[in-house]
2 protein chains.
Amino acid sequence: MEKNNEQLLDDRKVKILDAIIRNYLATGEPVGSRTISKYTDLNLSSATIRNEMADLEELGYIVQPHTSAGRIPSDKGYRFYVDHLMKEKDREVSEMKKFVIEKTQKMEQVLKSVAKMLATNTNYATMISAPTYHNKVKFIQLSSVSAHQILAVVVMNSNIVKNHMIDIEEELDNETLLKLNILLNSALNGLALQEINLATIARLKEQAGIHSQVVSDVMDALAQALSEQEDLQIYTSGATNILKYPELTTSDNATNLLSAFEEKDELISLVNETLAETSSETGIQVYIGNETPIQTMKDCSVVTATYELGDGVKGTIGIIGPKRMDYENVMDNLKTLRSQLDGILNKSKGS
Amino acid sequence: MEKNNEQLLDDRKVKILDAIIRNYLATGEPVGSRTISKYTDLNLSSATIRNEMADLEELGYIVQPHTSAGRIPSDKGYRFYVDHLMKEKDREVSEMKKFVIEKTQKMEQVLKSVAKMLATNTNYATMISAPTYHNKVKFIQLSSVSAHQILAVVVMNSNIVKNHMIDIEEELDNETLLKLNILLNSALNGLALQEINLATIARLKEQAGIHSQVVSDVMDALAQALSEQEDLQIYTSGATNILKYPELTTSDNATNLLSAFEEKDELISLVNETLAETSSETGIQVYIGNETPIQTMKDCSVVTATYELGDGVKGTIGIIGPKRMDYENVMDNLKTLRSQLDGILNKSKGS
DNA sequence: TGTTAGCACTCGTTGTTTTGGAGTGCTAAC
DNA sequence: GTTAGCACTCCAAAACAACGAGTGCTAACA
């Protein structure tokens with residue numbers, strides 16, 4: 001925090017800004033010159049601090065809620081803090097791992113408990129998206145369940161299983177079914193879902209050589225089932241933490257935020273956004289106030305992390321809290337989590 | 001509302017009580033004697049009303065928030081209202097049906113939109129549980145997906161499909177697999193999941209005649225997969241409606257309620273509770289205040305309805321709001337919904 | 001005997017005023 | 001460049017006043 005490659009900020013100003021923000025993060029109250037005067041080891045009188053603060057305000061790093069109140073950080077101030085001032089903790093990571101791993105059950109369970117743990121750890125609202133497998137077909141099987149129903153099962157590379165029930169008009173004999181199975185497996189194996197389009201299906205029908213209506217129907221149904229977009233699963237926790245922060249409770253702000261957590265579609269676009277913004281080497285992204293892609297969260301800070309499960313499979317974790325959030329703690333949590341999710345989730349694949 | 005088989009309530013008191021409650025439901029404000037004096041067609045002076053109100057208070061049907069305030073209904077008052085006073089609307093039901101049916105997609109989608117519609121219709125928080133199929137096995141299939149993986153697919157009577165991936169040590173040849181499939185189907189077909197226990201499996205192993213470790217392993221894994229309790233899916237909507245009612249916002253009440261909606265485990269016990277209480281012929285249950293099985297909701301009213309999908313498959317719908325909820329509207333909604341869910345959901349079976 | 005007008009009283013709500021104090025900006029002295 | 005001092009601002013909390021909706025009670029009335 002000695003360095004300042006930022007415009008015009010001399011060493012002392014940086015120190016003061018740092019002190020202001022830290023103090024505000026801790027108390028949530030506007031901080032005055034006298035406080036800083038004693039807080040720092042700069043040994044400066046409050047009057048001096050006042051002058052510096054006036055400068056910092058002019059530069060846009062802090063603002064006054066009203067005359068005769070202390071200063072609070074602006075978005076720009078927070079940004080500077082996150083980019084330059086914040087210390088990176090390096091704490092031991094064992095506890096977290098243990099907590100999650102203990103009960104490695106289904107993926108869903110794991111994700112839920114990860115979200116929950118993060119929420120209790122940070123006291124903010126959290127979300128985590130299930131990894132999105134853009135995956136290849138590994139195995140397909142059609143089985144005749146009853147006279148008028150065919151069950152199609154598709155296993156993906158990641159061992160995710162999809163099934164789809166197909167209603168048919170007339171019965172399909174076992175022989176044809178077997179033939180179809182072989183055909184499908186040899187034709188579609190290794191293809192990504194996106195690669196299976198109308199053309200592929202048409203060619204398949206051709207190859208099948210059996211020009212009965214039933215076969216055609218089954219193929220179409222299967223194609224449709226495969227093309228169906230699996231919708232992004234999102235798990236949240238601690239949404240009510242939002243109510244703990246008065247600055248988020250004003251107006252119907254809180255309601256909107258809570259709704260967003262219940263409805264989840266805004267969270268989905270958040271996930272898509274962050275996955276698109278191929279974030280820096282750390283994989284962690286901080287949105288302060290208006291920087292956020294989601295309008296509903298413009299009074300919050302949003303910290304997201306993308307995690308990767310080895311084979312290019314990605315997901316997103318998000319923490320939503322007030323702008324005066326404990327960035328250090330949050331980012332620390334996300335960082336360790338990110339490094340562990342790979343191991344944790346791979347153990348519990350298979351939906 | 002002419003009849004009063006309730007203790008000591010003469011006709012006039014009933015009318016006054018009715019007026020008080022209706023008024024309070026509409027305004028949310030304590031209602032005074034003067035209001036009632038004009039509201040009803042009884043042509044009584046406020047003084048007379050006051051006397052009657054004093055009586056009603058002594059009998060426990062209404063309470064005063066404080067001296068020199070109007071009266072509001074007590075739990076007992078609400079109960080009386082719901083049991084005897086409330087009119088049953090009979091409105092046309094078409095709109096609701098249309099709205100939901102239009103987009104009959106997957107069950108999950110349908111349930112979500114039902115909850116949403118209810119929430120917007122009533123302005124309360126709503127939940128709906130997915131139907132619980134205590135179901136019989138219709139079809140089982142083991143398939144070899146790769147050298148060390150077997151996929152077990154089980155189709156239930158209701159066309160719900162469960163799949164489970166089984167890791168195996170040594171490869172299983174096709175012939176054995178086929179044999180197993182036949183065996184499993186003939187042995188387990190028609191059995192309810194609960195009927196498949198260790199004994200059944202042991203007997204099956206016996207019958208298989210193949211005493212290889214692999215077969216035994218597969219059987220065990222399958223048994224375990226089958227016995228796994230599918231956890232009750234619950235969809236909610238409009239949880240934030242809770243914040244609209246000041247009487248629920250006091251203290252950390254709202255937080256607890258909202259958390260309940262996020263965490264869902266309390267909702268699950270609510271569902272279990274209501275399913276157990278084999279409710280009356282109408283299938284609708286009203287819990288007022290402390291009557292509710294869920295402590296968190298002791299300041300609310302909870303109205304639940306169980307719906308049935310022909311084949312004994314049941315689910316629960318719940319509406320959670322303030323005690324001064326519009327019971328008529330709520331119950332009306334639930335009633336029509338109940339009568340339609342059967343048709344709606346049967347169209348979109350298959351998870 | 002039931003009903004009602006009248007009245008004194010209660011008490012929460014709302015609005016106004018007062019006060020205190022935290023914090024500022026500016027000026028003048030060091 | 002730093003700081004002590006001072007006048008000034010303005011929010012928050014407390015204190016106060018007025019209002020009015022509503023009550024219970026009593027006494028008169030049909």
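Heavy-atom basis, side chains included; hydrogens, waters and symmetry copies ignored. Throughout, protein chains are lettered first and strands after them, A, B, ... in sequence-line order, and every chain is numbered starting at 1. Everything numeric in this text was worked out from a predicted model, so none of it was measured.
Taking B/E52 as the reference, B/R12, B/K13 meet the side-chain hydrogen bond (donor to acceptor under 3.5 Å, both in side chains) condition, with sequence neighbours excluded.
At the phosphate of C/dT24, neither OP1 nor OP2 sits under 4.0 Å from any side-chain N or O atom of A/S68. The phosphate of D/dA4 has neither OP1 nor OP2 within less than 4.0 Å of any side-chain N or O from A/R34. Contact between the side-chain N/O atoms of B/T48 and the OP1/OP2 oxygens of C/dT4 is found at a separation under 4.0 Å. Checking the phosphate oxygens (OP1, OP2) of C/dT24, a side-chain nitrogen or oxygen of A/R71 falls inside 4.0 Å.
Taking the nucleotide of DNA chain C with the nearest heavy atom to each of B/H66 and B/L44, the more 5' of the two is matched to B/L44.
Nearest heavy atoms, A/V271 versus A/M127: CG2-CE, 3.6 Å. Across all non-hydrogen atoms, the minimal contact from A/I20 to A/V31 is O-CG1, 3.7 Å.
If you check C/dA5, C/dG25, D/dT23 against the side chain of A/A54, the one that comes closest is C/dG25. When distances run from any side-chain atom of B/T67 to the nucleotides D/dT9, C/dT10, D/dT3, the shortest one goes to C/dT10. Side-chain proximity of A/R50 to the nucleotides D/dT3, C/dC11, C/dT24 is greatest for C/dT24.
Checking each of B/N253, B/N290, B/N256, B/T292 against B/D299 for a side chain to side chain donor-acceptor pair (under 3.5 Å) leaves exactly one that passes, namely B/N253. Applying side chain to side chain donor-acceptor pair (under 3.5 Å) to B/S301 and the options B/Y287, B/Y124, B/Y327, B/Y78 leaves one that passes, B/Y327.
In summary, B/K323 and B/E291 do not engage in a salt bridge, as defined by a charged side-chain N under 4.0 Å from a carboxylate O.
Distance B/I20 CD1 to D/dG22 C1': 13 Å, rounded to the nearest Å. Straight-line distance from the CG atom of A/D55 to the P atom of C/dG25: 10 Å, rounded to whole Å. A/M53 has its CE atom 9 Å from the C1' atom of C/dG23, to the nearest Å.
No side-chain heavy atom of A/D326 sits less than 4.5 Å from a side-chain heavy atom of A/T122.
Both key distances under 3.5 Å define a Watson-Crick or G-U pair, and stretches of 3 or more such consecutive pairs in DNA chain C run C:1-30 with D:1-30.
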